[in-house]
*Asks:* 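So that we are looking at the same thing, I have put the structure below in structure tokens.
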Amino acid sequence: MRIAKPLLLVATPIGVLAGLYEGYRVAGGLVILMAALLIFVSAAIGMVVLTIRREQAAERAAKSATIDEQT
């Protein structure tokens, strides 16, 4: 995992950009649809991550408030 995680973090965006370039080379304007799809999927993943982080923060705050009330 020490090598795999940084390698994936670097290789994935490079691969996506290379794929978009090849899509433009082969299909021309259809690469715009692929880029739009990538943007929407990235936004959806970002919203899920933000929601999870917000819920965890609220849970931690409620837990610490309960502990403070007990002491």
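Both backbone and side-chain heavy atoms feed into the values below; hydrogens, waters and symmetry mates do not.
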*Asks:* Enter the distance from Arg54:CZ to Met47:CE here, rounded to the nearest 0.5 Å.
*Replies:* 10.5 Å

*Asks:* How many angstroms lie between atom NZ of Lys63 and atom CZ of Arg60, to the nearest 0.5 angstrom?
*Replies:* 10.0 Å

*Asks:* Atom CG of Leu7 and atom OG1 of Thr12: how far apart are they, to the nearest 0.5 Å?
*Replies:* 8.5 Å

*Asks:* Other residues, nucleotides and ligands only: do more than 12 of their heavy atoms fall within 6.0 Å of CG on Leu37?
*Replies:* yes

*Asks:* Specify the closest pair of heavy atoms between Pro13 and Leu8, including all atoms of both residues, with the distance to one decimal.
*Replies:*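 In terms of heavy atoms, the two residues are closest at CD-O, 4.2 Å.
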
*Asks:* To the nearest 0.5 Å, tell me how far Ile32 CD1 sits from Leu20 CG.
*Replies:*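 The distance works out to 11.0 Å.
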
*Asks:* I'd like to know if Tyr24 and Leu33 are part of one continuous hydrophobic network [Ile/Leu/Val/Met/Phe/Trp/Tyr, side-chain heavy atoms within less than 4.5 Å].
*Replies:* no

*Asks:* Do Tyr21 and Val16 sit in the same hydrophobic cluster, where Ile, Leu, Val, Met, Phe, Trp and Tyr count as joined when their side-chain heavy atoms come under 4.5 Å apart?
*Replies:* no

*Asks:* Are Val31 and Val41 in one and the same hydrophobic cluster, where Ile, Leu, Val, Met, Phe, Trp and Tyr link if side-chain heavy atoms are under 4.5 Å apart?
*Replies:*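 Both belong to a single hydrophobic cluster.
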
